[in-house]
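As structure tokens, the structure follows; a few thoughts come after it.
For the numbers below, each heavy atom of this structure counts, side chains included, while hydrogens, waters and symmetry mates do not. Here is the naming used below: chain letters follow the sequence lines, and residue numbers restart at 1 for every chain.
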Protein chains: 2
Amino acid sequence: MRIPTEAAVNETHDPNRRSWIASANAAGCDFPIQNLPLGVFSTAGTSPRGGIAIGDRILDLAAAGEAGLFEGPSAEAARAASGPTLNPLMEAGPTAWSALRRRASSLLAEGATEWARLEPLLIPIAAADLRLPAAIGDYTDFYAGIHHALNVGRLMRPDNPLLPNYKYVPIAYHGRASSIRPSGGTLRRPNGQRKPAGEEAPSFGPSRNLDYELELGIWIGTGNRLGEPIPIREAGRRIFGFCLLNDWSARDVQGWEYQPLGPFLAKNFSTTLSPWIVTAEALAPFRLAQAARPEGDPKPLDYLWDAADQAGGALDIGLEIMLSTEAMRREGIAPQRLAVSNARHLYWTVAQMVAHHSSGGCDLHPGDLFGSGTISGPAPDSLGSLLELSAGGRQPIELPGGETRRFLEDGDEVILKGSCRRDGFVPIGFGECRARVEPALPV
Amino acid sequence: MRIPTEAAVNETHDPNRRSWIASANAAGCDFPIQNLPLGVFSTAGTSPRGGIAIGDRILDLAAAGEAGLFEGPSAEAARAASGPTLNPLMEAGPTAWSALRRRASSLLAEGATEWARLEPLLIPIAAADLRLPAAIGDYTDFYAGIHHALNVGRLMRPDNPLLPNYKYVPIAYHGRASSIRPSGGTLRRPNGQRKPAGEEAPSFGPSRNLDYELELGIWIGTGNRLGEPIPIREAGRRIFGFCLLNDWSARDVQGWEYQPLGPFLAKNFSTTLSPWIVTAEALAPFRLAQAARPEGDPKPLDYLWDAADQAGGALDIGLEIMLSTEAMRREGIAPQRLAVSNARHLYWTVAQMVAHHSSGGCDLHPGDLFGSGTISGPAPDSLGSLLELSAGGRQPIELPGGETRRFLEDGDEVILKGSCRRDGFVPIGFGECRARVEPALPV
């Protein structure tokens, strides 16, 4: 059910607005003028700084600010985005975020008289080094994809796949912030302890069951003081924006290590993020009523219940997973789509995640990152991990060119994509979250 | 078994060395000249900066450095310790740490000609605000206290208390860095979801089973790059020092939330640290052979095995837990000792923790913090949590003045202490790790 987001929709979402940057108006472009995602970039010999993606270009916020193209609150916001991380902008709060978006939209719109001053400040995305957009204080990974929880639970407990707390508690664990990297790099296959069924003792060596997980990344804007929870009614406004997140997982390591305290080395060797933050405001037209919670499920406890959040807290973000193997690249075969899914399948809204995380007093800070949990859908072609696609490794999947996969092989490149579509609005996209598996170090 | 630490013992450990600061020579002083722990402090109207505790005073490293009292490598190290965090000093590495220690020991020793220039630079500890000594990038909590693991396991699985991975994997989980605070403050009792046995659905409210956990904190000095594990032979040298850590735990929240991904809100509302870092070098005389692993237990896998670490990687640190209730303070009753324990009961050495943590490629950084896990001993008076002391809350403990405790009440103050003793050496201490429980917010 579409929900009345009209109050949050403004002239920056106007489908008739076009940019004087031609590439932004092309069909299929992830970054039309209705998107305006934020990131941090550098070019050869320059310092990392904040920018806005528009078409195939980046608007350099530091340069545009120095050129006097922002004014009032938007000038302050552009200044806050001019350093090596977006944390100061995140801290500035939703009024500042919105002022920056409105001014950037106006500057980049067809007919803007400032175009001649701005054009020299645009940098081709292809020439930029895209960094992590913020210094991540703490990273928390949720488990809000109920179909994933069901699928994984079925592999382990066929009779009782979903644990009794799942529909009450937005399950999460603390992840490792230091090993998060932006899209476009490599990850080394981890060595770790594995103990296959039937072997008496574990051994140490390369993970044999390396997997991806399709997740949404959620960037916290404004936080809270220790001991002062964020009420559910305010929680949505604390979110700065969203990206794609690949929570690489070593399933064999995970299976052996995770009792009783949860995943550790199975997850902390690498996490990959798409570099552009699609802001909460850009996503306003793509909100939905929370529908992943079927009739008959328990009502969320009061601290997680807000009627407005139920009515419009879910996100309609189409997601897909592509795989390209070394052999496919050698033979000129395009990346193969493994699954399509949608963020609407999350059982908990992002506001519920924020409210729950802070409900015991834990302090959140600008630049903290949440993962949503693996977003599988109910259909067989909507599974967010190889663990699910290959039924725990028992049913290899087939790839064009004749290869098969139970889990990832060295040289495999995983590409996550995301986009939002709605009649009457211009589609917007997330760009790519891509990384390639390198062989493990010799043991 | 004592092990041959003599190579690591130098003139800074000389039991005959005394300080010209009289309080440092008093019997029972935690901070004699043989200790020289590092911390970050401020005084009214001044910026936080690094200092060394000596007796009841702090040597202000920024002021002493500016006064030209350090030279060569020790001057660089003092400069690295002059800012609001010790991270730059941690990054500088063991040669710098040792140069700073040797020079500080020489400056503060009886007979030092510099005493008249130094004396005005000393600040009473009682007049200082003690901060967290470093900016903590990531916090990891281990589970290396095998008696705690056994005791907790017995409560849940009487027939099979220790999980099969325990003696192979240094079990750990990622904790929350943002909510770590220095000793001397308060913590608010968290609200959270609890589902007592017999109730059909969970409710949200104040934790009824609030607990402490006695742990050692381990400060990482130099780290590693992503994908480049730290070999076990080098791992010990990466550790900057140690403190006391109270891993406050809401047992009822934990029991309901922790499946399948481990503790989350049950632990992230507060963690308390003693503010002084006792350096690895100061602890050189108090090393032991690794004895917590009984004969017959599996040999650690190669990546965790180092003969020198087995011979001298354990730590002989005496630990104690004291409790002071509001009624006890009102009636003038001194804090009651609840348990005494010792870091020698850890099943894994800190070098094994470092090697394991990085073995899959996870990058560690200066200022990262590890918790050891709760350090219980084998005896009934050596239990590191109330969960164990009260047998899961079933056997309340008695306090002087007639009170009893299953778990912590509002107003309770928990005080952790640590100290090292060995014949032929001057005892050194850790100072206090203290915090008081405040009532929960109304729901």
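- Among the candidates A:L301, A:L364, A:D138, A:L304, the residue making the largest number of heavy-atom pairs closer than 4.5 Å to chain B is A:D138.
- At a threshold of 4.5 Å between non-hydrogen side-chain atoms, the residues A:P202 and B:Y168 count as touching.
- Among the candidates A:Y139, A:Y173, A:Y166, the residue making the largest number of heavy-atom pairs closer than 4.5 Å to chain B is A:Y173.
- Among residue pairs with one or both ends in residues 146-173 of chain B, those qualifying as salt bridge (charged side-chain N to carboxylate O under 4.0 Å, His left out) are B:K167-B:D297; sequence neighbours excluded.
- In this structure, chain A has a heavy atom under 4.5 Å from the side chain of B:L265, while its backbone stays farther away.
- Counting heavy atoms from C-beta outward, A:W256 and B:V169 have side chains that approach closer than 4.5 Å.
- Between the OG atom of B:S358 and the CG atom of A:N268 there is a distance of 9.5 Å, given to the nearest 0.5 Å.
- Under a 3.5 Å cut-off, the side chain of B:S178 and the backbone N or O of A:D363 do form a donor-acceptor pair.
- With a 4.5 angstrom heavy-atom cutoff, B:Y303 touches chain A only via side-chain atoms.
- Contact count versus chain B (heavy atoms, under 4.5 Å) is highest, among A:S359, A:G153, A:G192, for A:S359.
- Considering only heavy-atom pairs separated by less than 4.5 Å from chain B, the leading option among A:P298, A:G137, A:S179, A:G361 is A:S179.
- Chain A forms more heavy-atom pairs under 4.5 Å with one residue of B:A440, B:G175, B:P190 than with any other, namely B:G175.
- In this structure, the side chains of B:L261 and A:P263 come closer than 4.5 Å at one or more pairs of heavy atoms.
- The contact between B:S203 and chain A is made entirely by backbone atoms, counting heavy-atom distances below 4.5 Å.
- Of all the listed residues (A:G223, A:P164, A:P206), the one sharing the greatest number of non-hydrogen pairs under 4.5 Å with chain B is A:P164.
- Aromatic ring centres of A:H174 and B:F264: separated by under 6.0 Å.
- B:D368 touches chain A through its side chain: at least one heavy atom from C-beta onward sits under 4.5 Å away, while N, CA, C and O do not.
- Taking 4.5 Å as the limit, some side-chain heavy atom of A:I171 sits within range of a side-chain heavy atom of B:P260.
- Most heavy-atom pairs under 4.5 Å with chain B, from the set A:K195, A:Q259, A:H365, A:R189: that is A:Q259.
- Of the atoms belonging to B:R181, it is side-chain heavy atoms, and not backbone ones, that fall under 4.5 Å from chain A.
- Between chain A and the options B:H357, B:E257, B:E438, the largest number of non-hydrogen pairs under 4.5 Å is found for B:H357.
- Under a 3.5 Å cut-off, the side chain of B:N191 and the backbone N or O of A:G360 do not form any donor-acceptor pair.
- Proximity to chain B at a heavy-atom threshold of 4.5 Å picks out A:L226, A:G227, A:E228, A:P229 from residues 225-232 of chain A, in numerical order.
- Taking both residues in full, the closest heavy atoms of B:T140 and A:R176 are given as OG1-NH1, 3.6 Å, listed atom of the first, atom of the second, then distance.
- Listed options B:Q193, B:R188, B:H356, B:M156 were ranked by heavy-atom pairs under 4.5 angstrom with chain A; first place goes to B:Q193.
- In this structure, no portion of B:L187 lies under 4.5 Å from any heavy atom of chain A.
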